[in-house]
Amino acid sequence: MQDYLARLNPEQRRAVETLDGPLLVLAGAGTGKTRVLTARFAHILMTGQAAPGQVLGVTFTNKAAREMRERVAAILGRPVEGLWLGTFHSLGARILRRHADHVGLTSQFTIIDTDDQVRLIKQLLEAERVDTRRWQPQILTAAIQRWKDRGLTPQSITAADAADLAAGRAQTLYGAYQERLRTLNAADFGDLLLHTTEILRARPDVLEQYQRTFRYILVDEYQDTNVIQYLWLRLLAQRHRNICCVGDDDQSIYSWRGAEVENILRFERDFPGATVIRLEANYRSTPAILAAASGLIAHNQGRLGKTLRAGAAHASSEKVQVIATWDSDEEARVVAGQIERLRAEGHPLAEMAVLVRAGFQTRAFEERLINIGIPYRVVGGLRFYERQEIRDALAYFRAVVQPADDLAFERIINVPKRGLGEVALRALHDEARTRAVPLAEAAAALIADGRLKGRARQEAARLLRGLAQWRALLESEGHVVGAAAILDESGYVAMWQNDKAPDAPGRLENLKELLRALGEFETMTGFLDHVALVMENDEAGDADRVSLMTLHAAKGLEFDTVFLPGWEEGLFPNQRALDESGNKGLEEERRLAYVGLTRARRRVVVSYSANRRIYSSWQSNLPSRFIEELPAAEIELVGSVALAREARVGGPAMFPAQFPLLASRGKTVDVWERPARPAREKPVPVGARVFHQKFGYGTVRAADDDRLDITFDKAGEKRVLDRFVELVIA
DNA sequence: AGTGGGACGCTTTTT
DNA sequence: GCGTCCCACT
């Protein structure tokens, strides 16, 4: 009830109670940003300043939106109905569906994802006879996305914007792409905001309606907003000016996706008379971690300036460990060893995370963790909706719901194989283009006049009949029964049932999961929107596992112990970021490091290795400049880092061959020695049948103390520790 | 129509 | 080292 205010510190409380006028809350890492946002939300509702339907809450991720909804409900003691609370994109979609006709779409439009975009662009490039090897579709797709992020339409981009893209035809192609989307009755992510903004600008009546509705606007992660999001917000906020943006310029790490830190830096100019409140009391990390993070980020220029201070007393404050290793394999061993030791000391694995700069780095850790039998999960890998079978199934649903959805139709026309290959498809495309009709309609025409012959004709007719029947079935029987029928009668399920690949059963499981998820929605359209906009894996998260993820994926999370491997020049800061964006790139990398450090509550272990396996070859690296930027008083150098540091500070650029770390090979420091563990009570006999969590069943070939060489039935030869296998009683 | 081999090119990626 | 894409072959 009222005590949501009592739990706040004075600055947080001010941020919650300053309801009128523009407000910028600069919330450092771990300073209770979410608490403030949710308390403010609840405060507006509880004091009767606005009804739930008059508050607009905007986040970047669905997860953040969900959390906020739950926490507001918890404060109020009941679920809240009618809130406009969601991501920029979901809110954009919601508004756009109501006014789609203004931009030439129907309210049933499909939201396409990046994959579909690329395929579309590729087709357009080919139609324009642009060499897609030299001018990659992905590049143009990305460019168009960036334009949309900046609120630029095909008409408003400049020649300079479009130069060096798609053989100089980028502007035409962008226009053609938008036209194509309209024909397909589809919108990409960028359109959800671009179209909406266009409508708000062109239709004062519509704009006024929304401006009146939204008496209070709350924006999370404001430092990550791009131009179009900013324009969208400004339009909506103009009337009441009760806009509260919460963000941290030091955590802006998405400029490469169009985010503009400038939005936060110039808030006071854009909203004159704005109140600015700084949240600087950190309740998350130990003083050593805070000092290390602050010392590092102080190297950035052009900050709004915040200093984190410890908001709570800490019984102990371990220094930040910095570990040098010889190569990336050793680094993985060391980190995994520490994880193992911490676990043995009673720390839950769920409170540990390995945060890397680039996705490929997780592999070394995965291998090592598997080897020593520590459960882990990789956050943000292949997502559910990205899987082939899910995309296929969704394409079926889309093709049924929306006959004009050529992208979906094309995806399913020959899945399962129907003998409708490239030749048939080309004929369809020709017909569709000359008559400007969807592919499905073109197919019907070719069947009718006999231009499709034989098996192709038969199969195409069957598919079209199917689509029509399923459409009727969705109407009469509902989306769940309809969907199941589609997957079954199309032969799609049978296709996987007949597939002998080992992953086929899993795919069938995923399809079942998809149908189950579908059941939670009222309509097929609602479900398809959800899938297009909500891209997260619903993995069971309750098991005790170490988390492996990129630094980007870690933003907003916290753990007791955080491992930050790979702090090497070239990798982190990333060479490409430096090459492409110079000092700006470097500063963003530094913010990424800051984000990494501030994820930790109690313990940070930074590490780097002199040699790293990248793809197939080895590369030598210098330690990251960020290591030097950590205040010496807060860190503990392990191994020969001290040496390396002196050498590097002392001299100019250094060649890997001179690197003193080479001398550290073989040297081990006790921190990463494997802890003594109770041996297995009875040794595992050679020849025994055993079971291993990861590798399955196998036969023991040799035993050396607690290490077993096992030939697994599926996984082949492995050396594993005996405590990770179970004896199989035959 | 489907597949197998070689060339290529790889930072991050909330929607 | 691996996945993707294209072309050549069957």
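Sequence lines set the chain letters: A, B, ... in the order given, protein chains first and strands last, and positions in each chain run from 1. Remember, it's a predicted structure, so these values are computed and weren't measured experimentally.
We find that A:R97 and A:D529 are joined by a salt bridge, their nearest charged nitrogen and carboxylate oxygen being less than 4.0 Å apart. Note on A:D430 versus A:R451: no salt bridge recorded, every NZ/NE/NH1/NH2 to OD/OE distance being 4.0 Å or above. Ion pair A:R119/A:E410 not flagged as a salt bridge, since none of the NZ, NE, NH1 or NH2 atoms sits closer than 4.0 Å to an Asp/Glu carboxylate oxygen.
Heavy-atom minimum distance, A:V58 versus A:W232: CG2-CZ3, 4.3 Å. Considering every non-hydrogen atom in both A:F41 and A:M68, the closest pair reads CD1-SD, 3.8 Å.
Regarding contacts with the backbone of B:dT15, every side-chain N or O of A:N226 stays at 4.0 angstrom or more from both OP1 and OP2. At the phosphate of B:dA1, neither OP1 nor OP2 sits under 4.0 Å from any side-chain N or O atom of A:N414. Contact check, A:T114 against B:dT15: no side-chain N or O comes under 4.0 Å of OP1 or OP2.
Straight-line distance from the CG atom of A:L571 to the P atom of B:dT12: 10 Å, rounded to whole Å. The interatomic distance linking A:L91 (CG) with B:dT15 (P) rounds to 13 Å, in whole Å. Look at CH2 on A:W232: it is 15 Å from P on B:dT15, rounded to the nearest Å. The nearest whole Å value for the distance from the CD atom in A:Q117 to the P atom in B:dT13 is 17 Å. Look at CG on A:L528: it is 17 Å from P on B:dT15, rounded to the nearest Å. Spacing between atom CZ of A:R591 and atom P of B:dT12 amounts to 18 Å, rounded to whole angstrom units.
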Using atom names, set out every protein N or O paired with an N or O of nucleotides 2-5 of chain C below 3.5 Å, distance rounded to 0.1 Å.
none

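Shown are A:D392, A:D113, A:D405; of these, the salt bridge (charged side-chain N to carboxylate O under 4.0 Å, His left out) with A:R398 is made only by A:D405.
Within 4.0 Å of A:G359, counting heavy atoms only, lie sugar-phosphate atoms of the nucleic acid but no base atom. Nucleic acid contact class of A:Y254 (heavy atoms, under 4.0 Å, all strands): base. Looking at heavy-atom distances under 4.0 Å, A:G190 makes no contact with the nucleic acid at all. Nucleic acid contact for A:E589: base, since at least one base atom lies under 4.0 Å from a heavy atom of the residue. Using a 4.0 Å heavy-atom criterion, one finds that A:A64 contacts no nucleic acid atom at all.
The 12-atom threshold is not exceeded at CZ of A:R462, counting heavy atoms of other residues, nucleotides or ligands nearer than 6.0 Å.
Distances were taken from every side-chain heavy atom of A:R357 (C-beta onward) to each of B:dT14, B:dT12, B:dC10; the shortest belongs to B:dT12.
Looking at which nucleotide of DNA chain B each of A:L420 and A:H552 is closest to, the 5′-most match is held by A:L420. In this structure, A:A424 and A:K555 both approach DNA chain B, and ranking their closest nucleotides by distance from the 5' end singles out A:A424.
Under the stacking definition used here (centres under 5.5 Å, planes under 30°), the residue A:W256 qualifies as stacked on the base of B:dT12.
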